[in-house]
Amino acid sequence: MGTDVNAITERIYEDVLRRNPAQPEFHQAVREVLDSLAVVLARHSEFAELKTVERICEPERQIIFRVPWQDDRGEVHINRGFRVEFNSALGPYKGGLRFHPSVNLGIVKFLGFEQTFKNALTGMPIGGGKGGADFDPKDRSDTEVMRFCQSFMTELYRHLGEYTDVAAGDIGVGGREIGFLFGQYKRITNRYESGVLTGKGVGWGGALVRTEATGYGAAFFASEMLKVRGDSLDGKTVAVSGAGNVAIYAIEKVEQLGGKAVTASDSSGYVVDERGIDLEVLKQVKEVERARISAYADRVPTARFVAGGSVWDVPCQVAIPSASQNELDSHAAVTLVRNGCQVVVEGANMPCTPEAVKVFQEAGVAFGPGKAANAGGVATSALEMQQNASRDRWTFEHTEARLEEIMREIHASCHATAEEYGAPGNLVLGANVAGFLRVAEAVHAHGLI
Ligand code: GLU
């Protein structure tokens, strides 16, 4: 049976490679899930008969469109917009929009694929999707960003809807962009359809805690992983990469839970502050001024800026990579292990390369995969949708308590599934299998569509 099952996953992978050329990130995300699914296929022969895995690896719909816009000097730019509606078995497509020059179809597909499993793990009624554009918001004025968002939404709006596809933010798309996108959607449709976008401003339909949710959720997840080891975040030195929304609020919650986050980074390098990152300064530099991370070290005397270096050289007990995909390779993983790192939690989507994950697993380092550990963001988006649908508004405390409970449940379900399928402690396998089973059950119930 074992060889048959491996032959099935190999054939599926070969097909994915052949039919989706030049999409390495998508291949990587599929490969990781397939490696976890052999044990499931061995127990459930119906998945092979009904080609369930093949169906889940194929997006339901892929949209690519032109986004023309003019900069402040009147120069014309043409960008490419995407929305991949990956899977709607559990609910309307749900997932963020990424604005970054690296965005292409393969990146959006990898993110949409991950999102499908992540959203299933939250236990909320949301399918998986992702979108974005190869637009670079860096050094663009507010009016340029507004014109871009308006042009982007002028095409995207026809694909969205509270019951169809609900977008949100990701890298390069925060509160400012969601505001412009929502305004244009409202103008075109003449509908105040709050539930069509999440991450809205709290004064106009947004949920409290949504801004903090991904980072807070990752810290809660780290704390659950430590609890299983009879430990806690209290007194731990934590290295965090990135300086965006995920990193900032991971640092905030780590500090609230008694840990000491000592790093932050961006594409120019990293800062290390042995006293613990000063959040007021970090927020001012990154959220208000949108400046480079070196500005933090210019203002905080205890901090040091390292241009172009690897943040993973900084000794820590817990690492929370929260920048971008494949930022932490096997070389960095070896350094982290050598420096005594015990727990790695993915705040970003797929920040660790497969080789790095292997290094952690072989060294007995607890590893929390992004689709479980960073699910707090989208889970809180689902709570925002819930508040919009009931025209209600929850308190910060209530919403945060729900987030914490959801993260605890996600961890428990990944942990229990890993045990049940013969891989105790392997949260990668636990997350992939638990997410897959939820999606697969709904896929089967809906017939061959
Ligand atoms: N972009 C976030 C993620 O990777 C959040 C998506 C959402 O809230 O819909 O999960």
Side-chain angles (χ1 to χ4, degrees), residues 25 29 82-88 90-100 103 107-133 156 160-162 164-175 177-178 181-182 194-201 205-218 221 242 244-250 321-325 345-351 368-388 399 402-403 406-407 410 431 435:
E25 293 83 4
F82 302 88
R83 186 73 181 166
V84 173
E85 299 181 331
F86 222 106
N87 194 292
S88 62
L90 293 176
Y93 309 107
K94 178 81 196 87
L97 299 169
R98 176 177 292 191
F99 290 169
H100 191 270
V103 167
I107 297 267
V108 179
K109 278 168 69 180
F110 124 62
L111 291 164
F113 183 76
E114 290 285 291
Q115 198 81 46
T116 300
F117 294 87
K118 183 195 306 193
N119 294 4
L121 285 172
T122 66
M124 312 295 285
I126 41 179
K130 203 86 186 193
L156 186 67
L160 300 185
E162 186 181 345
T164 310
D165 186 347
V166 180
D170 195 82
I171 293 171
V173 178
E177 291 75 16
I178 294 294
L181 291 164
F182 184 75
S194 301
V196 77
L197 281 164
T198 58
K200 299 181 293 295
L208 289 164
V209 193
R210 177 61 192 88
T211 308
E212 296 85 353
T214 313
Y216 276 20
F221 199 87
N245 172 261
V246 182
I248 288 175
Y249 294 98
S322 306
S324 200
Q325 67 272 359
V345 176
E346 292 190 318
N349 290 312
M350 210 168 75
K371 59 171 78 72
N374 74 33
V378 76
T380 309
S381 279
L383 301 179
E384 182 171 332
M385 291 161 73
Q386 206 173 320
Q387 290 167 76
N388 293 149
T399 318
R402 286 284 290 123
L403 168 64
I406 291 168
M407 295 315 295
I410 295 173

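Both backbone and side-chain heavy atoms feed into the values below; hydrogens, waters and symmetry mates do not. Model, not experiment: these values are computed from the prediction. Atoms within each ligand, like the ligands themselves, are counted from 1 in listed order.
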>> Walk me through whether Tyr216 and Leu403 qualify under side-chain contact (heavy atoms from CB on, under 4.5 Å).
In response: CA-CA 9 Å; Tyr216 276 20; Leu403 168 64; 3.9 Å; yes
> Please walk me through it: do Lys94 and Ser88 pass side-chain contact (heavy atoms from CB on, under 4.5 Å)?
Replying inline: CA-CA 9 Å; Lys94 178 81 196 87; Ser88 62; over 6 Å; no
> Under a 4.5 Å cut-off applied to non-hydrogen side-chain atoms, are Phe110 and Asn349 in contact?
Replying inline: yes
> Can we say Lys371 and Glu114 salt-bridge, meaning some charged N sits less than 4.0 Å from an Asp/Glu carboxylate O?
Replying inline: yes
>> Set out, in order, the CA-CA distance, both residues' side-chain angles and the distance that settles side-chain contact (heavy atoms from CB on, under 4.5 Å) for Phe86 and Gln115, then state yes or no.
In response: CA-CA 9 Å; Phe86 222 106; Gln115 198 81 46; over 6 Å; no
> Just by distance, with hydrogens left out, do Ser381 and Arg210 show a side-chain donor and acceptor under 3.5 Å apart?
Replying inline: yes
Please tabulate, line by line, the atom pairs linking an N/O of ligand 1 to a protein N/O at a distance below 3.5 Å, with the distance in Å to 0.1, or answer 'none'.
residue  : atom   : partner : partner atom : Å
ligand 1 : 1 (N)  : Lys130  : NZ           : 3.2
ligand 1 : 1 (N)  : Gly169  : O            : 2.9
ligand 1 : 1 (N)  : Asp170  : OD1          : 2.8
ligand 1 : 4 (O)  : Lys118  : NZ           : 3.0
ligand 1 : 4 (O)  : Lys130  : NZ           : 3.0
ligand 1 : 4 (O)  : Asn349  : ND2          : 3.1
ligand 1 : 8 (O)  : Arg210  : NH2          : 2.9
ligand 1 : 8 (O)  : Ser381  : OG           : 2.6
ligand 1 : 9 (O)  : Lys94   : NZ           : 2.6
ligand 1 : 10 (O) : Gln115  : NE2          : 3.1
ligand 1 : 10 (O) : Lys118  : NZ           : 2.8

